[in-house]
Structure formats: structure tokens, C-alpha cells
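Notes for the one structure printed next.
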Amino acid sequence: IPALTIENLSKEYTGGFRALKGISLEVQQGDFFALLGPNGAGKSTTIGIICSLVSKTSGRVAVYGTDIDVDFAGAKKNIGIVPQEFNFNMFEKALDIVVNQAGYYGIPPLLAHKRAEKYLRKLGLWDKRNVSGRMLSGGMKRRLMIARALVHEPRLLILDEPTAGVDIEMRRSMWDFLKELNEDGTTIILTTHYLEEAEALCRNIAIITNGEIVEHSSVRDLLRRL
Ligand code: ADP
Ligand code: ADP
């Protein structure tokens, strides 16, 4: 079964704007997948629907075969989301932000702490564990959200513009981290408006513009045709 199935997904925002016009896509387990498109294309809307922060108008979304309308809690166990906006409590310490997220998933405290340490170390934030969120740089905040999204060890990690506003050096180290995570078996989907980023990381790609998928192929095939 695919990691993610989207069938005929439409979104009409209040006011009538059609952000998604019946998109369909499938992402296989183990893939590193890019949803590429310009600003306003509908990428964040798609991510928002997958994690139930945005309601959909019609269509179907399933995560490892579990329909999010039927069993969202079940689907959620398999997903880690790294949203574009910093949405953690800025006054909480980095370690607490990650440990508390584990609590939402019912992970017992000892294991939560172990996992938080593991991912904060991997993301180069262990030294900052007692620093409150607001004191971290933009790149550190982004990495903190990645650690938080991984604490329940989801099979599918979805990142919305993970390197937006991140400097070149930090971008490379995030790319290395994500590559390694994917090689270890985590399916990854990211949205980006940089073709370069999709090219550096991803195997398969869908291009979205004006709420429609205009390409859905391997990155290699796409580059050959460009
Ligand atoms: P992307 O992530 O690709 O930049 P978005 O999914 O954020 O695109 O937005 C797609 C379109 O939907 C944009 O034109 C945006 O202005 C519009 N949009 C996003 N959120 C809302 C909202 N809450 N109400 C109305 N329109 C919205
Ligand atoms: P719950 O419903 O379990 O209480 P929420 O949906 O309130 O959890 O999420 C708490 C915070 O964590 C919110 O800011 C939300 O955006 C974020 N969040 C929710 N699910 C995930 C996830 N799978 N990965 C990363 N962050 C998430």
C-alpha cells in the first residue's frame, strides 16, 4: 500500500477561491517525493488537509491505507508534519517542546526523553536543549520542528518548505540529514519552490500550479525533458 494516496482532492476556501481543483497523487513507501510549485499553487493547502488543519471540500486522503476521514488518529500515528510557520511555544525550552509532543502520542516519559535526546542530537540541537524557543535562530527553530515531528518515529515525514529562509550551509546539512533519514526507511514528502532542492533530494515529483497537478513523474524523467 502507498504511504500517501490523494484522490480528486478539492479545496474551495470560504469566499469561493478554489485552491485545489481535484488533484490526485500517490507516494510509495520509501520514496523521497517533492511537491514543487510557485507561491500560491496550493502546496500548503494540500499539507494542511493531510494533517487535518484545513478542511477539504471533496476528495479522499489515505495514509498507509487509512482514510483520514475514517480514522484520523490512526493515520496521524504514521505522519510527522513540519509546517512552514513556527508553531511551537516560544517560551518553552527546546527539550520540553520535543518531549511534550511525544506526550501527545502517548509515549511514556522515559522513552520520550530518550527519543527527544536522539533527535535533538541528530539535528545538532542537544547543546540548546535548555534554551527557550524564542532564543533560537531561524534555522535552529526549523530543526527543532523536525525533531518534534520525528519523536513518535513516523513512517512518513512531510515538510512544508523546510529550507525557506535557511542559509546555504545549513540547507546542505538539512539535506544530508533528510537523505540519511530516507535511506533509513522513512518516506519523505517535501514542498518546495526550488527545482534545485527537488533535484538534489527527491526521486519523484509532482508539479502543482493554480491548484492543479501538471506533472507527476520521476525527477530524472522530468530533467531529461526540460
Ligand atoms: P502555496 O503553499 O503553494 O504557496 P497555498 O496552499 O498556501 O499555496 O495557497 C493556495 C492559494 O489559496 C493561494 O492563492 C492563497 O492565497 C489561497 N489561500 C490560502 N489560504 C486561504 C484562506 N484561508 N482563505 C482564502 N484563500 C486562501
Ligand atoms: P493533539 O490533537 O494530539 O492534541 P495537536 O493537533 O493539538 O495535537 O497538535 C499540537 C501541536 O503539534 C500543534 O501545534 C500541531 O500543529 C503540531 N502537530 C500536530 N501533529 C503533528 C505532527 N504529526 N508532527 C508535528 N507536529 C504536529
Side-chain angles (χ1 to χ4, degrees), residues 2-27 31-63 67-69 72 75-76 79-88 138-139 141-146 148-149 154 156-167 170-171 174-175 178 182 187-219 222-223 226:
L4 178 70
T5 308
I6 292 179
E7 280 169 13
N8 245 314
L9 184 64
S10 291
K11 172 65 185 178
E12 189 170 316
Y13 279 109
T14 322
F17 183 80
R18 290 175 70 209
L20 295 176
K21 302 167 183 166
I23 66 165
S24 296
L25 48 95
E26 207 171 83
V27 178
D31 201 357
F32 203 139
F33 190 93
L35 186 59
L36 176 78
N39 282 323
K43 303 184 296 295
S44 295
T45 300
T46 306
I47 305 293
I49 292 170
I50 297 168
C51 63
S52 256
L53 290 172
V54 175
S55 66
K56 59 188 164 60
T57 305
S58 61
R60 177 174 176 269
V61 176
V63 177
D67 190 313
I68 61 165
D69 291 335
F72 180 65
K76 189 176 157 173
I79 323 176
I81 301 265
V82 182
Q84 216 177 126
E85 349 59 75
F86 301 132
N87 65 348
F88 50 82
K141 289 187 176 98
R142 183 75 53 199
R143 284 181 283 145
L144 176 59
M145 293 208 299
I146 298 177
R148 183 185 65 177
L156 172 62
L157 180 67
I158 303 177
L159 309 104
D160 197 359
E161 300 268 1
T163 63
V166 172
D167 66 61
M170 184 51 65
R171 180 175 300 169
M174 283 173 68
W175 283 359
L178 293 174
N182 177 250
T187 308
I188 302 181
I189 299 174
L190 58 79
T191 72
T192 184
H193 56 269
Y194 301 113
L195 177 59
E196 187 208 357
E197 183 157 87
E199 194 183 338
L201 291 173
C202 301
R203 268 186 295 279
N204 291 297
I205 192 168
I207 301 181
I208 182 169
T209 40
N210 290 318
E212 287 178 299
I213 304 273
V214 294
E215 268 287 345
H216 190 337
S217 72
S218 71
V219 172
L222 178 75
L223 290 171
L226 283 181

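Along the sequence shown, residues carry numbers from 1. Order of listing sets the numbers, starting from 1, for every ligand and every atom in it. As a basis for the values below, the full set of heavy atoms in this structure was taken, side chains included, without hydrogen atoms, waters or symmetry mates.
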So which protein heavy atom does atom 4 (O) of ligand 1 come closest to, and at what separation? Gly40 N, 2.7 Å

Using modelled atom types and a 3.5 Å cut-off, is there a donor and acceptor pairing between side-chain atoms of Lys43 and backbone atoms of Gly37? yes

For Ala19, take its heavy atoms, then give the atoms of ligand 1 lying under 4.0 Å from any of them. 12 (O)

Main-chain N/O of Leu36 paired with Thr192 side-chain donor or acceptor, under 3.5 Å: no

Where ligand 1 meets Phe17 - atom numbers and elements under 4.0 angstrom, heavy-atom basis: 11 (C), 12 (O), 14 (O), 17 (C)

Test item: Arg142 side-chain N/O and Gln84 main-chain N/O as donor-acceptor pair under 3.5 Å: yes

Under 4.0 Å, counting heavy atoms only: does Pro38 come that close to any atom of ligand 1? yes

Are the side chain of Lys11 and the backbone of Ser55 linked by a donor-acceptor contact shorter than 3.5 Å? yes

Which residue supplies the protein heavy atom nearest to atom 26 (N) of ligand 1, what is that atom called, and how far is it? Tyr13 CD1, 3.4 Å

Should you measure from each heavy atom of Asn39, which atoms of ligand 1 turn up under 4.0 Å away? 4 (O)

Please check if the side chain of Asn8 supplies one atom and the backbone of Arg60 the other of a donor-acceptor pair under 3.5 Å. no

Under 4.0 Å from atom 16 (O) of ligand 1, is there any protein heavy atom? no

N or O pair under 3.5 Å between Thr45 and ligand 1: yes

Indicate yes or no for a side-chain donor-acceptor contact from Lys56 to the backbone of Leu9 under 3.5 Å, with no hydrogens or angles considered. no

For the backbone of Asp69 and the side chain of Asp67, can you confirm whether one donor and one acceptor N or O come within less than 3.5 Å of each other? yes

List the closest protein heavy-atom neighbour of atom 7 (O) of ligand 1: residue, atom name, distance to the nearest 0.1 Å. Ser44 CB, 3.6 Å

Using modelled atom types only, decide if a donor and an acceptor are shared between the side chain of Thr191 and the backbone of Glu161 within a distance under 3.5 Å. yes

Using a plain distance cutoff, I'd like to know if Gly42 has any nitrogen or oxygen under 3.5 Å from a nitrogen or oxygen of ligand 1. yes

Got an N/O contact under 3.5 Å between Lys43 and ligand 1? yes

Below 4.0 angstrom from a heavy atom of Ala41, which ligand 1 atoms are there? Numbered from 1 as shown, please. 1 (P), 3 (O), 8 (O)

